[in-house]
Amino acid sequence: MGAYLLRRLWQMVPTLVGVVLLVFFLFKSFGGDPAEILAGLNASTAQVDQIREQLGLNKPVWEQLWIFVQQILRFDWGKSWATNEAVSSLFASRLPATLTVMTPILVLDAVLAIPFALAVAAVRGSLTDRMIMVATTLALSISFLVYVIVGQWLFAFQLGWFPVQGWTRSVWTNLTTYAPLPVLLAVMVGISPQMRLYRSFFLDEIGHDYVRTARAKGLSEPAVLLKHVLRNALIPILTNVSMQLPGIFIGSFLIEVFFSIPGLGREVWMAVNRSDYPVIQAVTVYLAVITMAINLLTDLLYQAVDPRVTLK
């Protein structure tokens, strides 16, 4: 295990170097001149040159790259060009709001989709199966924006169950008052594709010989589904969940924008609109590191779920 971890960590180094170089040169080549963007349309040449000097953009490319690498190693990305707030403190202050909303969404998606998909797979071909598949197909055909508009109108304005917008410093108040509506709507959107995907995983396992053997030995259908089918389908389910985890930090921007939640996703969306390069670069690199760490953790969980998996 130790040798495997060291080897995987070493393999992450060239990947991270590639990400850093790609991010740096993409912004240099296609991002436009940050000094002109920050100065505005009516700025003079002297003002643009002054901003360029303040940002260090008049230095050689190799020196700018070295400064960028140093920022990554020190976890110090400087200050936001738009708000003049330190990027590290900006992340620290916005991340709790994102986790407050996105963590329940991921947990509920898995907790609800897995048992429902297993139950539907158990009655494959029945009227219930066909009706649920039609319902999930219809749900997939509706835009998330429609869910938000109808959900706010129905649950907030008509029924008065939740406030439309708002956020406080209290985690408990946010979790019980302001987060339930966006969490509910996001789960309604996400559970349909997850159910269909997990159902296909379970159906693939149900068709194997070991399931027929278990039934021939006299095991009950719930025992076959839970002890054999579910356990063997956990590896592709873990893969799917691990692919969703990085979305906590970026994929939340729609929810946070629609519900005015001061989270990291909304901040990234605003940074893109304002061409706030330090924030965008930091998010891109952090997301790459988080994705690699999640992939490593998922590989370790494979062996915990199925001892037959060997780590090489």
Side-chain angles (χ1 to χ4, degrees), residues 93-121 128-200 237 240-274 283 287:
S93 62
R94 306 299 193 273
L95 186 58
T98 297
L99 293 177
T100 302
V101 175
M102 297 307 296
T103 302
I105 293 174
L106 288 174
V107 172
L108 289 175
D109 270 347
V111 169
L112 296 177
I114 292 175
F116 285 164
L118 185 60
V120 172
T128 300
D129 180 31
R130 292 195 293 269
M131 290 177 61
I132 292 177
M133 288 300 100
V134 170
T136 55
T137 302
L138 292 175
L140 284 168
S141 304
I142 301 174
S143 169
F144 179 63
L145 182 60
V146 175
Y147 280 95
V148 171
I149 295 173
V150 174
Q152 289 181 338
W153 174 81
L154 177 62
F155 296 116
F157 292 108
Q158 295 297 318
L159 299 177
W161 291 355
F162 311 105
V164 177
Q165 295 178 344
W167 206 256
T168 67
R169 294 182 179 273
S170 171
V171 176
W172 178 251
T173 301
N174 295 332
L175 198 58
T176 57
T177 304
Y178 299 110
L181 181 56
V183 169
L184 172 64
L185 297 179
V187 170
M188 290 174 62
V189 173
I191 195 171
S192 294
Q194 301 304 323
M195 276 189 58
R196 294 178 66 89
L197 181 62
Y198 296 160
R199 173 181 174 271
S200 66
I237 290 176
N240 182 67
V241 172
S242 68
M243 293 172 62
Q244 291 181 317
L245 287 177
I248 290 180
F249 306 95
I250 299 299
S252 61
F253 76 93
L254 280 176
I255 295 175
E256 294 177 0
V257 169
F258 287 138
F259 291 92
S260 297
I261 298 172
L264 188 57
R266 179 169 174 261
E267 191 64 35
V268 172
W269 178 77
M270 295 172 62
V272 172
N273 288 334
R274 298 179 301 206
V283 169
L287 186 61

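Residues Ala110 and Pro115 share a closest heavy-atom pair of O-CD, 4.0 Å. In terms of heavy-atom proximity, Arg94 sits nearest to Pro262 at CD-O, 3.5 Å. Closest heavy-atom contact between Asp129 and Val120: OD1-CG1, 3.0 Å. Here the closest heavy-atom approach between residue Ile261 and residue Ala97 is recorded as CG2-CB, 4.1 Å. Of all heavy-atom pairs spanning Gln152 and Phe258, the tightest one is NE2-O, 3.7 Å. Listed here is the closest heavy atom pair of Leu95 and Leu264: CD1-CD2, 4.3 Å.
Taken from CZ in Arg169 to CG in Asn174, the straight-line distance is 11.0 Å, to the nearest 0.5 Å. Taking CD1 from Ile105 and CD1 from Ile191, the interatomic distance works out to 12.5 Å, rounded to the nearest 0.5 Å. From Leu185, atom CG reaches atom CG of Leu154 across 9.5 Å, with rounding to the nearest 0.5 Å. Separating the CG atom in Leu112 from the OH atom in Tyr198 is a distance of 11.5 Å, to the nearest 0.5 Å. Rounding to the nearest 0.5 Å places CD of Gln158 at 4.5 Å from CH2 of Trp153. Here Asp109 contributes atom CG and Met195 contributes atom CE; the two are 11.5 Å apart, rounded to the nearest 0.5 Å.
In terms of modelled atom types and a separation under 3.5 Å, the side chain of Glu256 and the main chain of Gly265 share a donor-acceptor contact. The main-chain N or O of Leu197 is found under 3.5 Å from a side-chain atom of Ser200 such that the two form a donor-acceptor pair.
Under the 4.5 Å side-chain criterion, counting only non-hydrogen atoms from C-beta, Val171 is not in contact with Pro96.
The ring pair (Phe, Tyr, Trp, His ring centres under 6.0 Å) pairs that include a residue from residues 162-182 number zero, where partners must be two or more places apart or lie in different chains.
Evaluated for a side-chain contact (heavy atoms from CB on, under 4.5 Å) with Val183, the options Leu108, Thr103, Ile255, Leu175 yield exactly one hit, Leu108.
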Problem set entry | Trace of the side chain to side chain contact (heavy atoms under 4.5 Å, CB included) decision for Gln194 with Asn240 | CA-CA 9 Å; Gln194 301 304 323; Asn240 182 67; 2.7 Å; yes
For this session: Go through Thr136 and Arg199 one step at a time and tell me if the side chain to side chain donor-acceptor pair (under 3.5 Å) criterion holds.
Result: CA-CA 12 Å; Thr136 55; Arg199 173 181 174 271; over 6 Å; no
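Side-chain N/O atoms of Thr98 and Arg266 include no donor and acceptor closer than 3.5 Å.
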